[in-house]
Visitor: 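Before I ask anything, let me first share the structure, which is written out below as structure tokens.
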Amino acid sequence: MKTIYIGIGFIFLSFFAHSQDNVVYNTFKTTRVINGHSTRMLWKHDLDFRITHRFGNIGGSNGGFPSFYGFDNATDIRFAFEYGVTNNLMIGLGRIRGNTHQRQNLDGFIKFRLLQQSDKTPVSMVVLGTTLYTMMNANPDIYSAYSYANTLQRFSYSSQLLISRKFGERLSLQISPTYVHRNYVAFDDLNGVFAIGGQAKFQVTKMFGILAEYFYLTKNKAIVGGVTRRDPLSIGFEFDTGGHIFHVNFTNASELGENLFIPNTTSQWSRGEFRFGFNISRIFTL
Amino acid sequence: MFKINLLIVIAAFLFTAFSSLKNESPSIKDILSTEVDEVLLTLGEKRPLHYTFKKNLSDTTKIRQGYEIITKGQTKDNNGKLSKRQSKHFVCIDCHNVVKEDPDLRYSNPDTRLEYAVEKDIPFLQGTTFYGMVNRENWYNGDYQIKYGDLVLPSRDTLINAIYLCSIECSQGRELKPWELNAVMAYLYQIDYKMNDLSFTEKELDQIEKALQGEGKTNAATLIKSKYFRASPATFLDPIPINERKMGVNGDPNNGKKVYDQSCLYCHAEGRITEYILDNEKLTFKHLKKHLGGHSKYSTYTITRKGTYAKNGYKPYMPNYTSERLSNKQLEDLVAYINQQSK
């Protein structure tokens, strides 16, 4: 019996007899991969002013030289302020123009880090909850998906669990199970959309990286209003200027914000319906 | 009975005699545990202007507040309310240690300081330590006038002005309030020089002991002051011209690693001060190596000597290393380490 107690005591002590974790940093250099969030958090007191822009189709019926490969058109724009409350908690408030019938959106999110990769923890893990509210005038057609009869119908929500791991110096991978719920949708649509995101970064040099992002919609690739919902696929390039992280990307998603680009992407890469976009941000210390 | 009373009187007389002798002659042990400024005052030296702040020496609340202002940038005032951060961008210990950083306080030698920093696991920084700050007689001396112009002139001879200048210009923050200044000074007087921080021979200690009894005070004071630098020397260097850079040839990468770990990473590690992150990844060393031969902000040769400046919209900046804080030999060692790690 004495031996058992001693054994339990050693096991208990072993929880304290560990060396300091070596935390893995720079899995991603900024809080977004391309359209979706990464597991990167803002440091406490950092205020991030972000501008995200998506142009028109490079090809397809609305693209090509007449629109200068989409530069004449802006499919979506987001301005946002995001803030590091603590090193593990950040909040954000943004304004999204919107590209489908749903316009004039306000989005707010809370993002919390549960785990950070280290020599003892294999992955980083973050939970993210986003709420979107549309301020647009309700469509007078009562059969429209945008004929908001009350305030609650203007809301949509998304919940994500972001799990990432950095492999060596160059490769980072992330998986992002996501659930989007829209309070009010068209009659032939479903309120809930479940997707699994896969994101990757390859660090070519210290200051330049290649990004990729794909969200697979597990169901709901239904035809809604005669249009098929497509999986958002994006490729991007990341430039680190030693003070700013600047992204340029190509994506078939025409909207910004998880509540919009995940359920509302209808463009196809194969038809040239992808666009150029950029993300810029400037961090201030408050 | 008479004999017993006589013995008691003799014993009392002897005890009193020995006690008074002890008070008149401080032992070596007493001298070594005494603060340097108190010994100097006893030897007739003039009180510095900031001596008035020494009245807070026993106020443990002020000392704790001062320590927190220096190490965290803020503290709770006497009403328990958390003060506004002194600077959004820096705290004092980002650039200054608060412990002894030179093994011999007579010399500001970056080579011996680096070895001492590794031995004591303290950062190897651009700014002079706060340890013994109150014992100095000049601040912002040497080439700091090149960087700050005439702003340094009122600070050269007055510690309080130097603290104000640092809090606004160097820290890119706000002026300290009077209670905060009192607290900071209370803490700085906790980390002033003691006589046992200085190196004396036995003969020199005898000289000081005699001086404290009245013999040769001026010479003893001069002797004590020669044991530590009373102004931290500051010589700015230009970046080594491109055609004179040895690019780490004959540099010692082991020594360069010490510079990288104790100095570069202190500010450039993730989550520290700057958004230009350095780490131990080969990609980082390749990037540094690529820029060695140029004049860009990524060039180790350039940035260590020139530093950067606070700009509107981006206030954090990199202070430059003077020759006393990083030698050209150490710079070549650092480059040798970069070359080694980039392979």
Side-chain angles (χ1 to χ4, degrees), chain A residues 20-31 38-49 83-84 86-90 113 116-119 124 166-172 201-210 238-246 280-286, chain B residues 72-74 82 84-91 94 121 171-174 261 264-265 267-292 294 296-300 302-303 308-318 338 341-343:
Chain A
Q20 190 175 5
D21 289 2
N22 287 320
V23 176
V24 172
Y25 291 112
N26 273 334
T27 305
F28 295 96
K29 287 195 175 187
T30 181
T31 58
S38 70
T39 50
R40 174 86 180 197
M41 303 291 287
L42 289 176
W43 292 99
K44 185 178 174 182
H45 295 312
D46 277 354
L47 177 72
D48 187 8
F49 174 54
Y83 180 67
T86 70
N87 289 342
N88 294 317
L89 176 68
M90 64 181 274
R113 174 159 54 201
Q116 183 153 18
Q117 186 184 347
S118 68
D119 53 2
S124 297
K166 190 176 182 187
F167 296 87
E169 291 188 9
R170 294 187 186 267
L171 180 65
S172 300
K201 182 188 78 157
F202 183 79
Q203 202 68 42
V204 179
T205 69
K206 179 172 173 65
M207 311 304 259
F208 173 68
I210 299 173
E238 181 175 79
F239 301 91
D240 183 348
T241 66
H244 300 75
I245 306 292
F246 183 61
I280 56 176
S281 80
R282 186 70 173 90
I283 293 182
F284 301 90
T285 305
L286 296 188
Chain B
K72 298 176 190 171
Q74 63 186 153
L82 192 61
K84 198 173 147 196
R85 277 178 291 153
Q86 188 277 318
S87 167
K88 289 187 291 192
H89 312 290
F90 297 105
V91 293
D94 286 336
D121 194 22
S171 301
Q172 291 292 303
R174 60 170 176 85
D261 289 347
C264 306
L265 292 185
C267 291
H268 283 276
E270 176 78 50
R272 290 288 297 138
I273 298 156
T274 169
E275 288 172 10
Y276 178 59
I277 305 300
L278 296 178
D279 48 35
N280 288 311
E281 295 186 352
K282 193 183 280 193
L283 283 177
T284 296
F285 291 110
K286 282 181 180 296
H287 182 256
L288 290 171
K289 181 177 175 176
K290 181 181 161 187
H291 291 277
L292 284 173
S296 77
K297 62 183 178 181
Y298 301 124
S299 163
T300 305
T302 302
I303 201 65
T308 61
Y309 286 80
K311 294 182 280 199
N312 282 333
Y314 192 69
K315 296 291 187 176
Y317 67 93
M318 173 170 165
I338 290 168
Q341 294 302 109
S342 66
K343 289 178 188 159

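These numbers come from a predicted model, not from an experiment. Within every chain, numbering begins at 1; the chains are lettered A, B, ... in the order of the sequence lines, protein sequences first and strands thereafter.
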Visitor: With rounding to the nearest 0.5 angstrom, report the CD to NZ distance, Glu270(B) to Lys29(A).
Guide: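 Result: 10.0 Å between the selected atoms.
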Visitor: Tell me if a side-chain donor or acceptor on Lys206(A) pairs with a main-chain N or O of Ile277(B) at a distance below 3.5 Å.
Guide: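 Here the side-chain-to-backbone pair exists.
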Visitor: Let me know if Val23(A) has heavy atoms under 4.5 Å from chain B in its side chain, its backbone, both or neither.
Guide: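 Looking at Val23(A), nothing touches chain B.
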Visitor: Quick one: does Glu169(A)'s side chain get under 4.5 Å of Lys282(B)'s, heavy atoms only?
Guide: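 Answer yes - side chains close enough.
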Visitor: Answer with side chain, backbone, both or neither: which region of Asn87(A) has an atom nearer than 4.5 Å to a non-hydrogen atom of chain B?
Guide: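 The answer is neither part of Asn87(A).
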Visitor: Determine the option with the most heavy-atom pairs under 4.5 angstrom with chain A, choosing from Lys290(B), Arg85(B), His287(B).
Guide: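 Among the listed options, the one with the most contacts to chain A is Arg85(B).
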Visitor: Between Ile283(A) and chain B, with a heavy-atom cut-off of 4.5 Å, which part of the residue counts as in contact: side chain, backbone, both or neither?
Guide: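 Both parts, heavy atoms under 4.5 Å.
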Visitor: In Å and rounded to the nearest 0.5 Å, what is the OG1 to NZ distance from Thr285(A) to Lys315(B)?
Guide: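 It comes to 12.0 Å.
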Visitor: Does Lys166(A) have any side chain to side chain donor-acceptor pair (under 3.5 Å) partners at least two apart in sequence or in another chain, and if so, which?
Guide: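 Glu281(B).
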Visitor: Between Lys297(B) and Thr241(A), which heavy-atom pair has the shortest distance, and what is it?
Guide: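 Minimum heavy-atom contact is NZ-O, 3.4 Å.
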Visitor: Name the option with the most non-hydrogen atom pairs under 4.5 Å to chain B; the candidates are Thr205(A), Leu286(A), Val204(A).
Guide: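 Of Thr205(A), Leu286(A), Val204(A), Leu286(A) has the most heavy-atom pairs under 4.5 Å with chain B.
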